[in-house]
Amino acid sequence: MSKRIALVLGSGGARGYAHIGVIEELERRGYEIACIAGCSMGAVVGGIYAAGKLDRYRQWIESLDYLDVLRLVDVSFRLGAIRGEKVFGQIREIVGEINIEDLAIPYTAVATDLTNQQEIWFQEGCLHQAMRASAAIPSLFTPVMQNGRMLVDGGLLNPLPIVPVVSSHCDLIVAVNLNATHAQHYSLPVIERPPAVKKRFDLLIDSLGARLPFRRKLETGETDGSLLTQEQGQPAAAPLANPWLGEPSADPQGQQSAAAPERPGAPRSATGSVIIDNVGPASLLDLINQSFEVMQTSLAQYKIAGYPPDILINVPKRVCRFFEFYKAPELIALGREIACDTLDRYEGK
């Protein structure tokens with residue numbers, strides 16, 4: 001059986017950590033990764049692998065707890081919620097200064113040029129700058145300015161860049177899609193986190209969302225102890241939805257607040273059920289990223305249909321939200337599990 005493969009690593013935010021588990025399983029089975037094309041986190045993981053530093057990178061991200069992640073968040077409220085200098089500065093320290101043409105294998109990072117509205121392939125030049133541009137997730141990380149162009153996440157146009165490896169003359173093309181809508185039976189393994197530290201992390205994310213220009217308003221209630229509007233200047237009893245993690249905030253005792261009681265006279269549908277009109281994104285950041293994920297899912301399907309890979313490893317997008325970068329151990333394990341199952345089917349085991 002042929003073992004020489006071209007590896008395509010897709011875009012998907014924090015789910016990109018699953019790429020590490022996939023690479024580990026491919027190598028365990030004796031596959032030779034002869035070239036890599038990546039987008040966003042796929043470009044980051046692929047570039048670090050091509051530079052021979054994946055083990056060191058994995059050790060770093062798996063060592064991060066909530067407080068460590070907090071220290072890496074350099075907040076910005078201009079063209080992105082996070083400047084990203086601390087995160088990518090650490091990646092630069094791990095990888096070092098190296099050009100793409102000096103890597104051990106051919107490598108392509110895909111970014112989007114907003115200025116000229118076109119896809120950009122980085123196949124030479126500074127590896128660090130290529131990874132940073134490809135992973136500039138709109139609304140989350142600030143864009144990269146280069147030669148009069150504004151560069152952002154390649155997932156805007158090509159979340160699964162198969163085309164750059166089509167002419168690689170490898171035996172197989174293996175693509176990792178982080179935006180799958182099926183494979184629902186997979187879920188993240190449970191790894192306990194210190195609750196006190198997690199609460200601090202959630203509070204920071206809440207504060208980021210609260211500062212954004214759009215935030216979903218809480219529903220009004222009656223004046224007999226149920227909810228009041230924030231516009232009336234009264235404190236709301238219901239928990240705020242975490243704009244990044246989508247989880248209710250905890251009460252002072254650390255228990256999740258109960259759902260608000262149904263209001264008398266609440267609007268109902270034709271079937272008589274109560275209409276819940278506060279469903280959806282909790283902030284502008286959440287709105288943009290949910291829209292971005294919907295677009296990426298559709299684009300990935302077109303890329304797969306146009307250039308079907310020999311092996312497609314599907315990571316369901318529901319397992320992790322775009323910005324849950326503190327879940328590296330769980331996502332690496334999940335990537336390994338899905339790759340193992342997929343390769344077993346391909347190899348006829």
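What you see is a predicted model, and the numbers here were worked out from it, not measured in a lab.
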Checklist entry - Considering only heavy atoms from C-beta outward, does the side chain of L299 approach that of L157 to under 4.5 Å? => result no

Next on the checklist: Evaluate E93 against W60 for side-chain contact (heavy atoms from CB on, under 4.5 Å), listing each step before the verdict.
Outcome noted: CA-CA 11 Å; E93 183 177 325; W60 173 57; over 6 Å; no

Checklist entry - Below 4.5 Å, heavy atoms only, C-beta onward: do E24 and I332 meet side chain to side chain? => result yes

Next on the checklist: Do V174 and P309 have side chains that approach each other closer than 4.5 Å (heavy atoms only, starting at C-beta)?
Outcome noted: no

Checklist entry - Can you hop from V44 to V110 via hydrophobic side chains spaced under 4.5 Å? => result no

Next on the checklist: Looking at C39, is its backbone amide N or carbonyl O close enough to the side chain of S134 to form a donor-acceptor pair, meaning the two atoms are under 3.5 Å apart?
Outcome noted: no

Checklist entry - Should the pair K327-E324 be classified as a salt bridge under the 4.0 Å nitrogen-to-oxygen rule? => result yes

Checklist entry - Judged by atom type as modelled, is there a donor-acceptor pair below 3.5 Å linking the side chain of H19 to the main-chain atoms of A43? => result no

Checklist entry - Aromatic rings Y17 and Y57: how do their planes relate, parallel, tilted or perpendicular, breaks at 30° and 60°? => result tilted

Next on the checklist: Quick check on the hydrophobic clustering: are I105 and L9 connected, directly or via other members, by side-chain heavy-atom contacts under 4.5 Å?
Outcome noted: yes

Next on the checklist: Would you say L178 ends up clustered with L54 if hydrophobic residues are merged whenever their side chains have heavy atoms under 4.5 Å apart, either directly or through other cluster members?
Outcome noted: yes

Item to check | Test log, rule side-chain contact (heavy atoms from CB on, under 4.5 Å), inputs T181 and Q301 | outcome: CA-CA 10 Å; T181 54; Q301 292 172 352; 4.3 Å; yes

Checklist entry - How far apart are the closest heavy atoms of A130 and I100, and which atoms are they? => result CB-CD1, 3.9 Å

Checklist entry - Just wondering, more than 12 heavy atoms not from D55 lying within 6.0 Å of its CG? => result no

Item to check | Side-chain heavy-atom pair E124, N99 within 4.5 angstrom cut-off | outcome: no

Checklist entry - When you look at V163 and W121, which way does the side-chain contact (heavy atoms from CB on, under 4.5 Å) test go after all the steps? => result CA-CA 11 Å; V163 176; W121 293 5; 3.8 Å; yes

Next on the checklist: Do L156 and L114 make a side-chain contact, defined as non-hydrogen atoms from C-beta onward lying under 4.5 Å apart?
Outcome noted: yes

Checklist entry - Run the side chain to side chain donor-acceptor pair (under 3.5 Å) check on Q146 and R149 step by step: do they pass? => result CA-CA 5 Å; Q146 183 191 75; R149 304 177 300 183; 2.6 Å; yes

Checklist entry - Between E97 and R92, is there a salt bridge with N-O shorter than 4.0 Å? => result yes

Next on the checklist: For a quick check under 3.5 Å, do R56 and Q59 share a side-chain donor-acceptor pair by atom type?
Outcome noted: no

Item to check | I162 with Y346, same ILVMFWY side-chain cluster at under 4.5 Å | outcome: no

Next on the checklist: Any heavy-atom pair between the side chains of M131 and Y107 that's under 4.5 Å?
Outcome noted: yes

Checklist entry - With side chains defined as the heavy atoms from C-beta onward, is the minimum distance between L7 and Y31 less than 4.5 Å? => result no

Checklist entry - Among T112, T115, D153, V152, which residue meets the side chain to side chain contact (heavy atoms under 4.5 Å, CB included) test with P143? => result V152

Item to check | Closest approach of S40 to I137 (non-hydrogen atoms, all atoms of both residues) | outcome: OG-CG1, 4.0 Å

Next on the checklist: Heavy-atom count check: over 12 atoms from other residues, nucleotides or ligands less than 6.0 Å from Q123 CD?
Outcome noted: yes

Item to check | Hydrophobic cluster membership, I61 vs L334, 4.5 Å side-chain cutoff | outcome: yes

Next on the checklist: Between N177 (side chain only) and G10 (backbone N and O only), is there a donor and an acceptor less than 3.5 Å apart?
Outcome noted: no

Item to check | R4 side chain to D171 backbone, donor-acceptor under 3.5 Å | outcome: no

Item to check | Heavy-atom donor-acceptor pair, R29 side chain to K3 backbone, under 3.5 Å | outcome: no

Checklist entry - Would you say V22 and I338 make side-chain contact, with heavy atoms under 4.5 Å? => result no

Item to check | Q118, CD atom: more than 12 neighbouring heavy atoms under 6.0 Å | outcome: yes

